[in-house]
Amino acid sequence: MPSFPRFRGLILLALLPLLAGCNAVLLSPSGDIALQQRDLVIISTGLMLLIIVPVILLTFLFAWRYRESNETANYDPDWHHSTVLELLIWAAPLLIIIALGALTWVSTHKLDPYRPLTRLSEGREVPPNTKPLVIEVVALDWKWLFLYPEQGIASVNEMAAPVDRPIQFKITSSAVMNSFFIPALAGQIYAMPGMQTTLHAVINHPGEYEGLSANYSGSGFSGMRFTFHGVDQAGFDKWVADARASSDTLSRAAYLQLEQPSERNPVQRYNSVAPDLFSAIVNRCVEPNRMCIKDVMAIDAQGGLGIPGAYNVTSLSPAVRERLGLTQTPPRQYVGSMCTSTAELLL
């Protein structure tokens, strides 16, 4: 089509109204933390535009005023300094940098994800003795597992929380680093294996919101999404009751099966969870023949136990080797437990 390049710009311009159908959730969030983060972005952008817009306009003005064909423009080849101009060039950006620095300093502490909430929304403080809802989040390949320790249930690729109740997320990963992100609720927080990160947030409006992984983690990354239900207390109680009515239980063996890489998993609920499962996931000791990281660090903190305490060696079981894709590699032994000279098992 020889005439297509001529009309390409018009075609693209005609498609612009379609952007009106986009859901700019970051600019219209439903959680107080995300709302404060949005305001921070808008204020910071406005402060920076105070410099950017005049510079762009002056660039066009100078180019037009001192164009070659303008013979009336003042020509001063020996000009080299203007105190007024220097003050304008340096004072305005300096003031904006100071304002941005102060804004960043205050917001960094105020919106620290580890800091418990002090308010539910603008003008509404958190009531005294309010207990946050604890949700333990595990990033798997390529799905999300949510554990509710207070309710004793779990779910895959679906979570729920009451409106206007503080939420404390405890976040980790089973394998690779990932990123937990609910745009309508709060900013993204990294999920890392062998570590726990924390996020405090609150949802202020009922609705169904999308959660996702904001950090590329392999072939199933694009389908690593989940649904977050913001509901009233009655709706949350019903959601918990539906999970407890499930026939599935999340034992350690069931978790090891769930941990296997899979893509676009359907929503699944568990009526009970193995004791201390989240702690075992963080400490990399879900398997029965693994020493937990916290125990190894406790031993190291006491100076270690030396060679006499390293005789209890073991190797991965055939089932674990197959699950980890190590069947083609020679077996290796490692210390399975540490014992004192009095044969006291430290696990």
Side-chain angles (χ1 to χ4, degrees), residues 19-42 111 113 116-117 119-122 124 126 130 132-140 142-148 150-151 153-173 178-191 197-217 220-243 263-269:
L19 295 176
C22 295
N23 182 17
V25 63
L26 291 177
L27 296 178
S28 182
S30 299
D32 184 60
I33 295 297
L35 189 66
Q36 294 181 69
Q37 292 172 336
R38 183 215 49 190
D39 293 342
L40 176 62
V41 171
I42 292 175
L111 299 177
L117 300 184
R119 75 178 204 182
L120 298 177
S121 61
E122 182 68 33
R124 292 196 303 153
V126 175
T130 298
L133 173 65
V134 177
I135 303 178
E136 298 167 340
V137 182
V138 183
L140 304 173
W142 286 274
K143 49 197 169 286
W144 292 95
L145 172 64
F146 303 101
L147 310 174
Y148 287 74
E150 181 181 347
Q151 291 72 26
I153 61 173
S155 62
V156 173
N157 287 342
E158 182 188 57
M159 63 174 297
V163 171
D164 290 337
R165 179 177 176 182
I167 309 171
Q168 180 185 8
F169 293 99
K170 298 180 179 180
I171 307 167
T172 191
S173 175
N178 226 297
S179 180
F180 175 72
F181 188 26
I182 306 176
L185 184 69
Q188 65 89 19
I189 299 295
Y190 283 113
T197 51
T198 301
L199 171 65
H200 287 86
V202 62
I203 192 72
N204 299 121
H205 303 286
E208 189 173 288
Y209 308 100
E210 183 182 35
L212 56 117
S213 169
N215 190 83
Y216 181 74
S217 58
F221 160 77
S222 60
M224 196 172 173
R225 297 173 180 268
F226 63 91
T227 302
F228 171 61
H229 300 281
V231 294
D232 57 17
Q233 186 60 48
F236 179 70
D237 293 338
K238 181 181 182 304
W239 185 84
V240 172
D242 291 341
E263 299 183 23
R264 303 185 185 278
N265 287 59
V267 172
Q268 188 173 1
R269 298 173 183 174

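With rounding to the nearest 0.5 angstrom, the CG atom of N265 is 11.0 Å from the CH2 atom of W142. Rounded to the nearest 0.5 Å, atoms CZ (R165) and OG1 (T130) are 9.0 Å apart. Rounding to the nearest 0.5 Å places OG1 of T172 at 11.0 Å from CG of L145. One finds the CD1 atom of I135 at 10.0 Å from the CG atom of L147 (value rounded to the nearest 0.5 Å). Interatomic distance, N215 CG to M224 CE, rounded to the nearest 0.5 Å: 9.5 Å. Going from atom CD of Q188 over to atom CD1 of I182 covers 12.5 Å, rounded to the nearest 0.5 Å.
With sequence neighbours left out, the ring pair (Phe, Tyr, Trp, His ring centres under 6.0 Å) criterion links F228 to no other residue. For R38, the side chain to side chain donor-acceptor pair (under 3.5 Å) test picks out no residue, with sequence neighbours left out.
A donor-acceptor pair under 3.5 Å links the side-chain atoms of T197 to the main chain of Y190, judged by distance alone. A side-chain donor-acceptor contact under 3.5 Å links Y148 to the backbone of A160.
A donor-acceptor contact closer than 3.5 angstrom is absent between the side chains of N178 and S173.
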Give the intermediate values and the outcome of side chain to side chain contact (heavy atoms under 4.5 Å, CB included) for residues R119 and Q36. CA-CA 12 Å; R119 75 178 204 182; Q36 294 181 69; 3.3 Å; yes
Run the numbers on V134 and E150 for side chain to side chain contact (heavy atoms under 4.5 Å, CB included), then give the verdict. CA-CA 7 Å; V134 177; E150 181 181 347; 6.0 Å; no
Report the C-alpha distance between V137 and F226 in whole Å, list the side-chain angles of each, state the deciding distance to 0.1 Å, and finish with yes or no for side chain to side chain contact (heavy atoms under 4.5 Å, CB included). CA-CA 12 Å; V137 182; F226 63 91; over 6 Å; no
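Across all their heavy atoms, A184 and P29 have their closest contact at O-CB, 3.7 Å. Closest of all the heavy-atom pairs between P166 and V202 is N-CG2, 4.3 Å. In plain terms, the two heavy atoms of D232 and G235 that are nearest each other are OD1-N, 2.6 Å. For A201 against F169, the heavy-atom pair with the smallest separation is CB-CE1, 4.4 Å. The nearest pair of heavy atoms linking L185 to I33 is O-CB, 3.9 Å. Closest non-hydrogen pair, A161 versus L133, comes out as CB-CD2, 3.9 Å.
Screening Q151, H229, E158 against W239 for a side chain to side chain donor-acceptor pair (under 3.5 Å) leaves a single residue, E158.
The aromatic rings of F180 and W144 sit perpendicular to each other, their planes meeting at more than 60°, with 30° as the lower class boundary.
Look at D32 and R124 and you find no salt bridge, because none of the NZ, NE, NH1 or NH2 atoms lies under 4.0 Å from a carboxylate O.
Within the 4.5 Å cutoff, the side chain of Q37 has heavy atoms near those of the L111 side chain.
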